[in-house]
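Contents: one structure, followed by commentary.
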Amino acid sequence: MGDMQEKNLNTISFEACQELDARDSLGQFRSQFDLPEHTCYLDGNSLGALPKATLPRVQQVVQQEWGRDLISSWNKHGWWDAQQRVGDKIALIIGAGPGEVLVADSTSVNLFKTVAAALQLNPGKVVVSERANFPTDLYMLEGLIKHLGRGYKLRLVDSPEDLFEAIDSDVSVAVLTHVSYRTGCMLDMAATTAHAHARGALVVWDLAHSAGAVHVDLTGADVDFAVGCGYKFLNGGPGAPAFLYVAKRLQDKVQQPLTGWFGHAKPFAFEPSFEAAPGIQRFQCGTPPIISLAALEVGVDLMLQAPLPAIRDKSVALGCLFWRLMEQECSQLGFRLASPAAPAQRGSQICFAHPEGYAIMQALIELGVVGDFRAPDILRFGFAPLYVRYVDVWEAVQGLKLVMQERLWDQPVHRKRAAVT
Ligand SMILES: *Cc1c(COP(=O)(O)O)cnc(C)c1O
């Protein structure tokens, strides 16, 4: 009897989750997003939700700025300096200073630009990354090494524990993703950067799953270069332009290879040869997508209204709740935690491995719980603290339980792979 009472005390109920939402200091942010009804959206780490302010802002840019003011908008409506203006706002989210962050291109292209700049600044023999890094990062490194033909070797480590040993004095640049897209495992940015610097290596950090979700302090960690996504936790919309960071101390020493006219010192002098603009502007290439930039700015402005420590605290709390509920409700159903157990080592997601992961996720999505699947067997649930509620976590775990107990996953339709998973 005593045992049962104790068990009940530790059991988490739906009402307890509602209570957590009622006390959530970020609770009011959800109403600023346009979310579909009856959906638990746990995929904001792949494509962030739509802020309500985005549509009117995009409409204004299209109708007024483009439609009426046409080319004068480059000056009149701040199109010309939008990349640096929005970059300065993102800098506040990732612990960088003014003039250190630029919005441009895609994450893949920014990775190419920053790694090429780093290799030029610090020539060596080896580029280090993780085999489990997001594939585009590895593909871009392969292409860079192949086409710029400097005979670099790509050294891929199989586990984060092997990183320090792999970053030795032969290494020119380490290209590392702060929070793993697959497992949510978060690397120690400051310690890894310090280790690399001590071996004479530079580091390019990919913040795709970090910006807007976890604590990032680029200045404090003495980071050299970083890149990141606009459409994930920053809620900039599909294909939103990405960002890059170059430490002030390096900016005037480096050059990147995509020397387009937007990175020229005097773009409107139309000179026949390239002269790099001072500062971060030299990392621009061609004309930026103004409409997408305007949408991204809305997402970033919204995030800047929230205290960053509260975002991380809630993200950790959502992840811990998810895991506790999985143990309470789904412990016998074959799921294995595929993220680090320690919350401090997890980004803003939690992952579980299951051999039928793909079909399970499809069945779950049909129930209105949207997470995603990453090959070979990972079910991934992301927590965007501005709009995910504690009751969403409850619903997600109840959904998983139902999918398993009723074998809802076990249908041919759920095994058919779509183009985008
Ligand atoms: C999402 C993601 C990208 C995406 O790159 P794009 O060029 O925007 O398609 C890159 N790197 C990592 C680590 C990611 O998670």
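Start at 1 and go down the list; that is how both ligands and their atoms are numbered. We number each residue from 1, following the sequence as shown.
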Within the 4.0 Å heavy-atom sphere of ligand 1, strictly under, residues: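 If the criterion is a heavy atom under 4.0 Å, then ligand 1 touches Ser106, Thr107, Ser108, Phe134, Thr136, Asp137, Thr177, Asp206, Ala208, His209, Cys229, Tyr231, Lys232.
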Any idea how His264 and Phe274 line up, ring-wise: parallel (<30°), tilted (30 to 60°), or perpendicular (>60°)?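 The arrangement is perpendicular - the two ring planes meet at more than 60°.
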Walk me through whether Asn133 and Thr177 qualify under side-chain hydrogen bond (donor to acceptor under 3.5 Å, both in side chains). CA-CA 7 Å; Asn133 199 347; Thr177 294; 2.6 Å; yes
Are Phe268 and Trp80 near enough that their ring centres are under 6.0 Å apart? yes
Decide if the gap between the ring center of Phe381 and the ring center of Trp323 is smaller than 6.0 angstrom.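 No, the ring centres sit 6.0 Å or more apart.
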Report yes or no: is the cationic atom of Lys232 (NZ for Lys, CZ for Arg) closer than 6.0 Å to the six-membered ring centre of Phe134, at no more than 45° off its axis? yes
Examine the side chains of His178 and Asp206 and answer whether a donor and an acceptor come within less than 3.5 Å of each other. no
